[in-house]
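All remarks here apply to the structure that follows.
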Amino acid sequence: MISLDTETTGVDMHHGAKPFFVTTCNDQGDLEFFEWHVNPINRQPEIPSEDLNTILSMVRVNNLVLQNPKFDVSALASLDARFGDEWPWERTDDTLIAGHLLHSSMPHDLTSMVLHYLGEDMQPFENRLQDACNKSRAMARSKFPEWRIAKKGADDMPSAKEKNWKYDLWLPRALARELKYPDDHPWWTVCQEYANRDAETTICLWPVLLAEIKRRGLYEIYRDRMRLLPVAYKMQAVGVSVSRERLTELTEEYAESAVRSGRVCVNIAKGLGYELSLPKGGRNKSLNTFIFDTLNLPVLKYTDTGNASMNKDVLSEYYHVLPTRSKERMFIQSLRNSRQLNTAVSYMEGYTRFWVPMKGADGRHIDDWYRLHPSLNPTGTDTLRWSSSNPNEQNISKKEGFNLRYCFGPAPGREWWSMDAKNIELRIPAYESREEEFIALFERPDEPPYYGSNHLLIFHLLWTDLWETAVKEVGPDKVGVHCKKRYASSNYQWTKNGNFAVQYGAIDREDGTGTADVAYHQPGAQAKIKARFTKQEALNQWCIRYAEKHGYIETLPDKTVNASRGYPLVCTRTEYGRIKPTVPLNYRVQGTAMQWMNKAMVRTQDQLDEWNRGRNLADQFHGIMQVHDELVFDFPKSSRHPMLDRGIFTRVSNLWRARRLQQLMAQGGDDIGVPTPVNLEYHDSSYDQGITL
DNA sequence: TTCGGTAGCGCC
DNA sequence: AAAGGGCGCTACCGAA
């Protein structure tokens, strides 16, 4: 077994960042490393081709252990595609996946884990490197202004923030070389020492983690988790397509609108004798003074640190209380608009920073189309959810007036299929606790009066009189649709809000000031619900007791992995050391839903790989996005629309393939003992427009 | 100029 | 004592 570690000139491999240092260490402690000079003018490494062949041959024959191999494989693949195509994932171990499994809420960076599991402090190595980088950056800035030092805003490093010395690890040595420093100058070796130490500690850390995993009976779960890495790698490598034309259209529309709203705000303030400088983001001092001192609006909520809040709920409250057609109300409404529009515009600016022109099979740019490659992190959360960054693909808005999904969609010659689990986070606790009324709801989604809607069931319970009146008016078949429409922005919306609060574990208070009761607009609502659905509440209490005793809660067991136990998720504690009671059931549900999703991703990827065997890249089937309970697939476009699949004309479109993936996803329900039907949507041209099939 | 904390807001 | 879970990104602001 060897460990392998790569140092790069940045994290934006799709924008020219490259490895310049690769180090390996075998289990005897023998190091072998490759360091390449980086041309400071274009930041490209100068690599003898035999080095890559040597590294590749080591990868081909050894068992491997890496800290976050997805990063290294992406980096090496940017030099030579064979690293991506041939990477032996089945022979690869990951200390990051292992670290999360052993303690989901601790930091999983190598330095932290080495300190925790080996008792060794690597921080001095990192500090020396940081110091050398910062000093050499300052020197290069003054002596060699044409050298390309990492900088926020540079178009070849869209991820760069203000703090970016890690993108210039190559620089101390390049300067030592340029300035002909003596051989014993530390800048020659400071990066090498750091990188080599990483490789050495990785190979030492691995057996310790593995032994602990086995001792705790988690080995099957570890192996199951490792199947995710090639799936994440492929998803990230393929990326998501964006239309420039549609993004430009939206940007212009929203930017203009934002300017108009902002102008209204400034003018109203001026009319009241206040020179407002409007923030582009949430708030600034000028706005604070205006809202709380000039308009004298009351403080309705406090931020985490105890300051007066001015978030969207507070603004919404102001809006509804202020007199119609008053200056104040108009101000608040314009402020809400301007904030939302500015947020949308800044998201879109992020997309244009990160996107890369989309290439066709002939290598030419497909006019108007670009691709994003968000970075996916399967260990990014304290549960089993993944995180996504640079840019985040998990917060693409579908709100009216903020519909960024419009910009995304299949490129010419492609079609998208999206699939999401129906109500999976409601189903899991309902089935686990055997809460019959909820189960009935899920089992009979086509029956009146609720037609499978949890919100309507609760609406009926909380607003019985409104419901009964409506039944008399329109009958039991239509009562749901009627109430949903009639009370869309009042009681029905409140019910939804309250239900989410309850789902996420809001704590009830007797005086009606609990989060859920406030959301429901009905004191005692949550108590009423608890009294009706006692089994689910009992499950909640069991989870809290379990977490108090063990410090963690487990996901529901997956019978194909380990029938007797699930993935342990360490629960957050309060400042007083107790388990936060809102956490355990939440983690159990969220974690189990993601275990389901993980199985769905592995199963569907196996199917896609089978379909893709022997196909040209342009004709392949890809998984491209995962948003917690939703997967999006990118297919070659069929010449026939899926709606034409009827009667004897089956398989005229890709519908049968989509159905196959849908079925593979739903199969995960058997593994956890919860029925999990999956919705299917076809997207002809845009992510925001889909046909349900 | 750099950097970290805070607030706000998008998603599920 | 006090309790709605999980994220990432941007703007703002003040301190170093």
Side-chain angles (χ1 to χ4, degrees), chain A residues 104-105 134 137-138 141 151-152 158-159 161-165 277-288 301-315 336 339-340 342-347 349-351 353-354 374-375 377 380-399 402-405 420-421 423-425 497-509 514-519 526 544 569 571-591 593-594 597 625-630:
Chain A
S104 50
S105 74
N134 278 332
R137 275 153 60 89
R141 252 182 230 118
K151 197 173 160 60
K152 184 182 175 180
S159 297
K161 307 276 191 280
E162 296 294 346
K163 184 181 170 181
N164 50 31
W165 61 270
S277 93
L278 196 69
K280 199 178 166 196
R283 60 201 284 186
N284 59 11
K285 288 179 87 174
S286 175
L287 182 65
N288 288 348
K301 236 171 89 170
Y302 292 89
T303 65
D304 286 344
T305 50
N307 298 322
S309 171
M310 206 192 288
N311 71 13
K312 62 174 178 183
D313 295 333
V314 172
L315 294 191
R336 292 165 82 189
R339 260 191 192 174
Q340 187 175 56
N342 280 324
T343 307
V345 170
S346 79
Y347 278 23
E349 279 167 3
Y351 300 148
R353 240 178 42 238
F354 280 103
S375 172
N377 182 357
T381 74
D382 285 358
T383 70
L384 292 185
R385 281 193 177 180
W386 293 14
S387 63
S388 148
S389 60
N390 298 328
N392 186 353
E393 77 182 10
Q394 294 174 332
N395 66 350
I396 303 170
S397 176
K398 57 179 174 185
K399 273 192 188 171
F402 192 145
N403 191 348
L404 303 189
R405 291 198 182 192
D420 67 299
N423 280 330
I424 190 169
E425 293 202 352
N497 296 349
N499 283 352
F500 282 116
V502 170
Q503 187 185 336
Y504 292 139
I507 299 292
D508 194 18
R509 283 198 204 152
T515 309
D517 282 0
V518 171
Q526 195 173 3
I544 295 170
L569 296 168
C571 295
T572 329
R573 290 174 185 276
T574 67
E575 296 155 46
Y576 304 93
R578 300 281 305 268
I579 294 287
K580 245 172 119 181
T582 48
V583 161
L585 178 62
N586 229 301
Y587 278 27
R588 188 170 177 84
V589 171
Q590 198 180 105
M594 269 310 290
M597 172 52 82
M625 259 197 282
Q626 181 260 95
V627 192
H628 313 310
D629 67 353
E630 176 186 12

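Given the structure is predicted, the values throughout are model-derived calculations rather than measurements. In what follows, every chain begins at residue 1, and chains take the letters A, B, ... in the order their sequences are listed.
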note = Contact span of DNA chain C against chain A, any nucleotide atom under 4.0 Å from a heavy atom, 5' to 3', runs dA1(C) to dG14(C)
inquiry  = What contact category does Asp420(A) fall into here, base, sugar-phosphate, or nothing, at under 4.0 angstrom with non-hydrogen atoms?
reply    = nothing
task = For Pro279(A), report the nucleic acid contact type (base, sugar-phosphate, nothing); a contact means any heavy atom under 4.0 Å.
result = sugar-phosphate
message = Using 0.5 Å steps for rounding, measure from the OH atom of Tyr587(A) to the OG1 atom of Thr582(A).
response = 8.5 Å
message = I need the single residue from Lys151(A), Lys152(A), Arg137(A) that forms a side chain to side chain donor-acceptor pair (under 3.5 Å) with Asn164(A). Which is it?
response = Arg137(A)
query = Taking only residues two or more places apart in sequence or in another chain, which ones pass side-chain contact (heavy atoms from CB on, under 4.5 Å) with Arg353(A)?
reply = Pro158(A)
task = Rounded to the nearest 0.5 Å, what's the gap from CG on Leu315(A) to CZ on Arg336(A)? Could you check?
result = 7.0 Å
task = Using a 4.0 Å heavy-atom cut-off, write out nucleotides 5-12 of chain B from 5' to 3' as B (base contacted by protein), S (sugar-phosphate only) or - (no contact).
result = -SSSBBBB
task = Pick base, sugar-phosphate or nothing for Arg509(A), based on heavy-atom distances below 4.0 Å to the nucleic acid.
result = sugar-phosphate
task = Select base, sugar-phosphate, or nothing to describe what Arg573(A) touches, counting heavy atoms under 4.0 Å on all strands.
result = nothing
ask   = Rounded to the nearest 0.5 Å, what separation is found between the OG1 atom of Thr515(A) and the CG atom of Asp508(A)?
value = 9.5 Å
query = Sequence neighbours excluded, which residues qualify as side-chain contact (heavy atoms from CB on, under 4.5 Å) partners of Ser286(A)?
reply = Tyr274(A), Leu276(A), Ser277(A), Asn284(A)
inquiry  = Using heavy-atom distances to pick each residue's nearest nucleotide on DNA chain C, tell me which of Trp386(A) and Lys285(A) is more 5'.
reply    = Trp386(A)
ask   = What salt bridge (Lys or Arg N to Asp or Glu O under 4.0 Å) pairs are there with at least one residue in residues 380-395 of chain A, not counting sequence neighbours?
value = Arg385(A)-Glu425(A)
key: Non-neighbouring partners of Asp313(A) that pass side-chain contact (heavy atoms from CB on, under 4.5 Å), sequence neighbours left out   = Lys301(A), Asn311(A)
query = Base, sugar-phosphate alone, or nothing: which one does Ser387(A) contact when heavy atoms must sit under 4.0 Å apart?
reply = sugar-phosphate
